[in-house]
Amino acid sequence: MSVFSQSFSPCGRFLAAGNNYGEIAVFSLSAALSPDSTALNQKPVLTFTAHEGPVFSLLSTDCHLLSAGNGEISNQPSTPASCLLPVCLLSPSSLKHLLSPYRSSLEIPEINSMTINSRDNSLVVGGGDNNIHVMDLENGVFKTVLQGHSDYVHCVTVREREAEILSGGEDGAVRVWDSRTGQCVHCIEVYKYEVCARPQYGKWISCVTTDSDWMLCGGGPSLSLWHLRSLSPTSIFNLSGCQRQAAFHQDLILTVGEGAFVSHCLLGGEVKAQIPCTPQSLNTLQLNNNSTEHRVLTVGGSSDHIDVFTNLSYRAFSLRF
Amino acid sequence: MYSLYLLYLNGCYFARIPDEVIRKRLLIDGDGAGDDRRINLLLKSFTKWCNSPGTPEEGFTQYQRMLGILAQCEFSMGKTLMVYDMNLREMENYEKIYSNIEQNIASAHEKIAECKKEIQRAKRIRKNRQEYDALAKVIQQHPDRHETLKQLEALDKELQQLSHIKENVDAKLELRKKQFHVLLSTIQELQQTLENDEKSDNDDNSQESPAENGE
């Protein structure tokens with residue numbers, strides 16, 4: 001089993017994780033983190049099958065959990081923020097409308113990544129048809145299509161301050177789009193820069209994340225930190241293996257990928273620490289910023305264990321599917 | 001125990017001894033040994049001494065003995081009072097220490113919160129510093145601005161000079177062109193004139209020859 005995606009609930013007390021069998025499991029963090037938790041609290045509170053194929057992306061909005069797999073986005077009413085009865089959360093029969101950006105059912109590529117653009121309350125979806133679709137969350141209508149990638153899109157992220165969308169794809173390009181006009185403002189071909197290119201791994205970009213002024217991207221080429229205003233790479237992180245997800249956290253960069261560890265790196269380029277984890281290779285990393293009392297980092301990968309870190313320096317325990 | 005019971009019974013007639021006191025005294029001195037027994041013994045010997053018919057020496061020794069027992073009772077009472085005082089003071093002491101520790105705990109909590117805030121600030125500062133360093137590295141790779149400006153100025157000057165030269169050369173070219181034009185047009189005119197002359201000569205000759213032939 002591989003865990004491909006995770007998402008925390010808006011109240012921060014629940015974690016939803018999706019695996020390659022199409023199942024979504026909801027874990028109760030408050031139960032697992034309480035002082036008297038048992039092995040039973042580390043099992044999911046609820047598991048259901050949401051898609052036929054793998055669940056590549058999960059996203060929590062205020063009242064829904066959006067999950068994306070092969071060509072469809074389905075919409076589960078999420079755990080209520082008040083969480084009065086954590087046991088009877090959502091039932092599979094209450095799956096709402098399946099949204100599909102594609103006209104015909106012949107062309108159903110997979111959806112790799114979703115993110116929310118909170119400026120105009122829209123959902124940005126990137127997938128296997130080389131395009132990025134932007135959907136208005138209020139009425140479910142697809143507003144714009146951002147075309148430009150020549151191969152499928154692996155990851156999308158939103159740059160809050162400048163109202164821009166960044167996307168990375170298999171064609172090795174990180175494209176910066178203006179979210180209002182839908183034009184591609186910049187195109188950075190990472191593999192063309194000698195400092196970060198690693199031809200032996202290829203040119204695909206599997207993770208893009210931004211901090212408004214800075215951007216991290218990695219995949220085939222080494223994980224590198226870019227200054228977005230000058231579009232120049234400032235630091236290269238010397239990590240073996242391809243990185244699949246990275247995040248900015250306070251003054252550190254946390255990244256996961258091939259290799260059974262979470263790498264902590266400083267902005268200057270040095271790798272400060274590598275914390276070992278259970279799965280052999282990791283696919284997803286999430287930090288719970290929605291709740292002050294359950295500030296944890298969770299990572300999941302090619303195993304049915306999801307490691308939970310309460311202190312970033314060591315693995316506290318694992319949740320099991 | 002029995003004496004206490006008797007005392008209670010006596011108390012019903014002579015004085016109201018509260019139950020609490022009885023209970024406490026039973027707890028402390030339930031077995032009847034010790035101070036209580038001594039007081040009873042004293043009372044008994046006092047009544048016996050008052051009613052005794054014996055010799056004055058015996059009476060006197062008895063009296064001394066009683067004084068001794070009285071002194072013992074007083075001593076024991078004094079000791080108990082002091083122990084009580086001491087306990088009270090110990091209690092105060094412990095109260096003080098307890099409130100002290102509570103205060104320390106509260107201030108330690110505050111200090112922890114302060115330090116956490118400090119850590120956050122320091123992390124932000126570190127992050128900013130690292131960002132500056134990263135940018136500085138990139139900037140270092142580009143050449144210095146002054147040098148570039150100087151190079152630009154030099155290039156500008158060169159450009160100006162070259163365009164000056166070009167102007168000169170152009171002017172010269174124009175001049176030569178005009179001169180050549182003048183030369184060529186003069187040559188052409190001369191050619192024309194020569195042709196005209198030749199023609200008029202030929203005409204003259206041909207006019208002359210028929211004239212000659214006609215003669």
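The sequence lines fix the lettering, A, B, ..., with proteins before strands; numbering per chain opens at 1.
Taking a 6.0 Å sphere around CZ of A:Phe317, one finds it holds more than 12 heavy atoms contributed by other residues, nucleotides or ligands. Taking a 6.0 Å sphere around CD of B:Glu198, one finds it holds 12 or fewer heavy atoms contributed by other residues, nucleotides or ligands. Other residues, nucleotides and ligands place more than 12 heavy atoms under 6.0 Å from the NZ atom of B:Lys137. Heavy-atom contacts from other residues, nucleotides or ligands closer than 6.0 Å to CD of B:Gln140 number 12 or fewer. Counting non-hydrogen atoms of other residues, nucleotides and ligands closer than 6.0 Å to CZ of B:Arg129 gives a total of 12 or fewer. The local environment of CG in B:Asn128 is crowded, with over 12 non-hydrogen atoms from other residues, nucleotides or ligands closer than 6.0 Å. Remark: B:Ile125 CD1 is packed, more than 12 non-hydrogen atoms of other residues, nucleotides or ligands lying under 6.0 Å away.
Shown here for B:Ala134 and A:Thr234, the closest heavy-atom pair between the two residues is CB-CB, 3.7 Å. The two residues B:Lys127 and A:Asp211 make their nearest non-hydrogen contact at NZ-OD2, 2.7 Å.
Heavy-atom neighbours of chain B within the stretch residues 255-267 of chain A, taken at a separation under 4.5 angstrom, comprise A:Leu266, A:Leu267. Of all residues spanning residues 186-197 of chain A, none has a heavy atom less than 4.5 Å away from chain B's heavy atoms. Among residues 214-227 of chain A, the residues having any heavy atom closer than 4.5 Å to a heavy atom of chain B are, in sequence order, A:Trp214, A:His227.
To the nearest 0.5 Å, atoms OG (A:Ser235) and CG (B:Asp133) are separated by 9.0 Å. Rounding to the nearest 0.5 Å gives a distance of 8.0 Å between CD of B:Gln130 and CD1 of A:Ile253. Between the CG atom of A:Leu252 and the CZ atom of B:Arg126 there is a distance of 6.5 Å, given to the nearest 0.5 Å.
Proximity to chain A (any heavy atom under 4.5 Å) is restricted, for B:Gln120, to the side chain, taken from C-beta onward. Both the backbone and the side chain of B:Lys123 come within less than 4.5 Å of a heavy atom in chain A.
Every pair tested for side-chain hydrogen bond (donor to acceptor under 3.5 Å, both in side chains) that includes a residue from residues 180-195 of chain B fails, sequence neighbours excluded, so the list is empty.
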